[in-house]
Amino acid sequence: MARLLDGSDPQAIEAAAAALRAGEVVAFPTETVYGLGADALNEQAVAQVFAIKNRPRFDPLIVHLPSKEMVPQYAAVIDERAVALMERFWPGPLTLVLRKRPLIPDLVTAGLDTVALRVPAHPVALALLRAVGRPIAAPSANPFGYVSPTTAPHVQEMLGDAITLVLDGGPCAVGVESTVCALTEKDAIVLRPGGVTVEEIEAVIGPVTIASASQSDPRSPGTLPRHYSPHVPLTLLAPGESIPHPRKGERAGLLTLAPCSGVEGYSVVEALSKDGNLVEAAANLFATLRRLDSLGLEQVVVEPVPEHGLGRAIMDRLRRAARG
Ligand code: TXA
Ligand code: MG
């Protein structure tokens, strides 16, 4: 079983950094979700990440850096939009896809000529990145296709037997993955909605294109239609659709944005936020899905959330989780 170390302990950071330098795989917290990290320049270490997650090799990894000053080492083109976005949102939940330099291994980028870069806003992640002194490739620390982990125990439960070390940094404050934004073409494209909202990005660089969520986009190989899925079947309601009654004798769960009254017949009702707040809802999303998944329910009916701000990322995850 993996050792769970307190990420605020400098000795734990040193141990994790030494493991990463030695080519091992380490789980660590970020502000979005927990990551499964390996030295991005060590192809064998990166191969282990794919193996542990059972992740297809066509799905490229995000490379994490301790500061934007390191970007020119790995990205070949850094235009004004990139500079403005890094300035405004880093450290933070925004990943930029830029033309890559050759020293990033093809395995990391799935053979694309671009690389996804991000500086995470979590003190433990930043301390680790500084201590390692190398870029860290890290997908979310879950088996491929399952719900992303937002606490260290989530990582332990799913991958504890496959790795040796998990740094604990508490629950993730943002709770959904970073926004992936490609700047390799004339139009900026949001490939995955996430912790930085489209509205916030547009306030800095003007209108962006949003990649379709209904299909997998060849520009972002990882955005598969089915993803982030608990085992229990999810039924996502349409906006305004009234909440159905469970069948007689059915053990069903209901997931809503805010607490609601007057619904009957559900074995369990969970609200993502006390008062319909989308920031709180995002932070609670994955842990709530996991909890509902552990109850042996026959299905979970999910109310949609408004599709603005963080609601866009929440709905993206719910749609993929519901598709089966
Ligand atoms: O918040 C996050 O981004 C977390 C934490 C750990 O940093 N990481 C994460 O990684 O969510 P992962 O592997 O679960 O998702 C990475 C996404 C995938 O959709 C992948 O296809 C996309 O980023 N991606 C990575 N490199 C890319 C590239 N060169 N071009 C286009 N998309 C890329
Ligand atoms: Mg993931």
Side-chain angles (χ1 to χ4, degrees), residues 25-38 40 46 49-50 52-65 74-76 89-101 104-122 124-126 128-129 135-150 154-155 158-159 167 169 172-185 188-196 211 213 216-229 282 286 313 316-317 320-321:
V25 172
V26 166
F28 65 96
T30 80
E31 80 282 30
T32 57
V33 300
Y34 275 69
L36 191 64
V46 174
V49 170
F50 281 91
I52 292 168
K53 273 189 69 102
N54 199 14
R55 179 176 175 118
R57 291 201 175 194
F58 61 74
D59 190 1
L61 305 181
I62 295 171
V63 174
H64 297 69
L65 303 173
Y74 307 107
F89 297 113
W90 281 4
L94 176 67
T95 294
L96 296 179
V97 175
L98 305 171
R99 294 258 165 255
K100 85 177 187 89
R101 288 198 186 276
I104 300 282
D106 280 342
L107 183 57
V108 171
T109 62
L112 299 171
D113 61 355
T114 57
V115 62
L117 298 173
R118 116 170 170 95
V119 176
H122 192 293
V124 175
L126 288 172
L128 179 65
L129 287 161
I136 297 301
S140 48
N142 51 282
F144 186 72
Y146 196 66
V147 182
S148 301
T150 51
H154 291 168
V155 181
M158 314 281 331
L159 298 178
L167 281 181
C172 302
V174 176
V176 291
E177 294 84 349
S178 62
T179 304
V180 179
C181 180
L183 297 176
T184 45
E185 289 165 48
I189 306 170
V190 170
L191 296 172
R192 177 178 73 182
V196 169
S216 52
D217 189 310
R219 291 167 301 204
S220 187
T223 48
L224 298 176
R226 182 181 164 85
H227 210 123
Y228 312 107
S229 291
F286 288 142
D316 173 81
R317 306 305 186 269
R320 293 180 206 280

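For ligands, and for the atoms within them, numbers begin at 1 and follow the listed sequence. The chain is numbered in sequence order, starting from 1.
- Across the listed options Ser178, Ala138, Ala141, Gly35, Ala138 owns the non-hydrogen atom lying nearest to atom 8 (N) of ligand 1.
- Near Thr114, with a cut-off below 4.0 Å to any heavy atom, the atoms of ligand 1 are 28 (C), 29 (N), 30 (N).
- Residue Leu112 touches ligand 1 through its side chain alone, judged by heavy-atom distances below 4.0 Å.
- For ligand 1, the polar-atom distance check finds no N/O of Lys53 at less than 3.5 Å from any of the ligand's N/O atoms.
- Among the atoms of Ser140, an N, O or S atom falls under 2.8 Å of the Mg ion (ligand 2).
- Of the listed residues (Glu177, His122, Arg192, Arg118), the one carrying the non-hydrogen atom nearest atom 15 (O) of ligand 1 is Arg192.
- Nearest heavy atoms, Phe50 versus Arg57: CE2-CA, 3.7 Å.
- Glu177 and Ser140 share no donor-acceptor pair across their side chains, judged by distance under 3.5 Å alone.
- For atom 7 (O) of ligand 1, the choice among His64, Glu31, Arg55 with the nearest heavy atom turns out to be His64.
- Just one residue in the list Asp59, Leu61, Leu36, Val25 forms a side-chain contact (heavy atoms from CB on, under 4.5 Å) with Lys53, and that residue is Leu36.
- From Asn54, atom CG reaches atom CG of Leu159 across 10.5 Å, with rounding to the nearest 0.5 Å.
- Listed by chain and number, the residues in a side-chain contact (heavy atoms from CB on, under 4.5 Å) with Ala116 are Ile62, Thr95, Val97 (sequence neighbours excluded).
- Taking every heavy atom of Thr32 and a limit of under 4.0 angstrom, the matching atoms of ligand 1 come to 1 (O), 2 (C), 4 (C), 5 (C).
- Residue contacts with ligand 1: Ile62 is included, with a non-hydrogen atom under 4.0 Å away.
- The salt bridge (Lys or Arg N to Asp or Glu O under 4.0 Å) search around Arg99 returns Asp113, not counting sequence neighbours.
- Against a heavy-atom cut-off of under 4.0 Å, Asp59 is close to the following atoms of ligand 1: 18 (C), 20 (C), 21 (O).
- Between Arg118 and Glu31 there is a salt bridge, since at least one side-chain N of the basic residue sits less than 4.0 Å from a carboxylate O of the acidic one.
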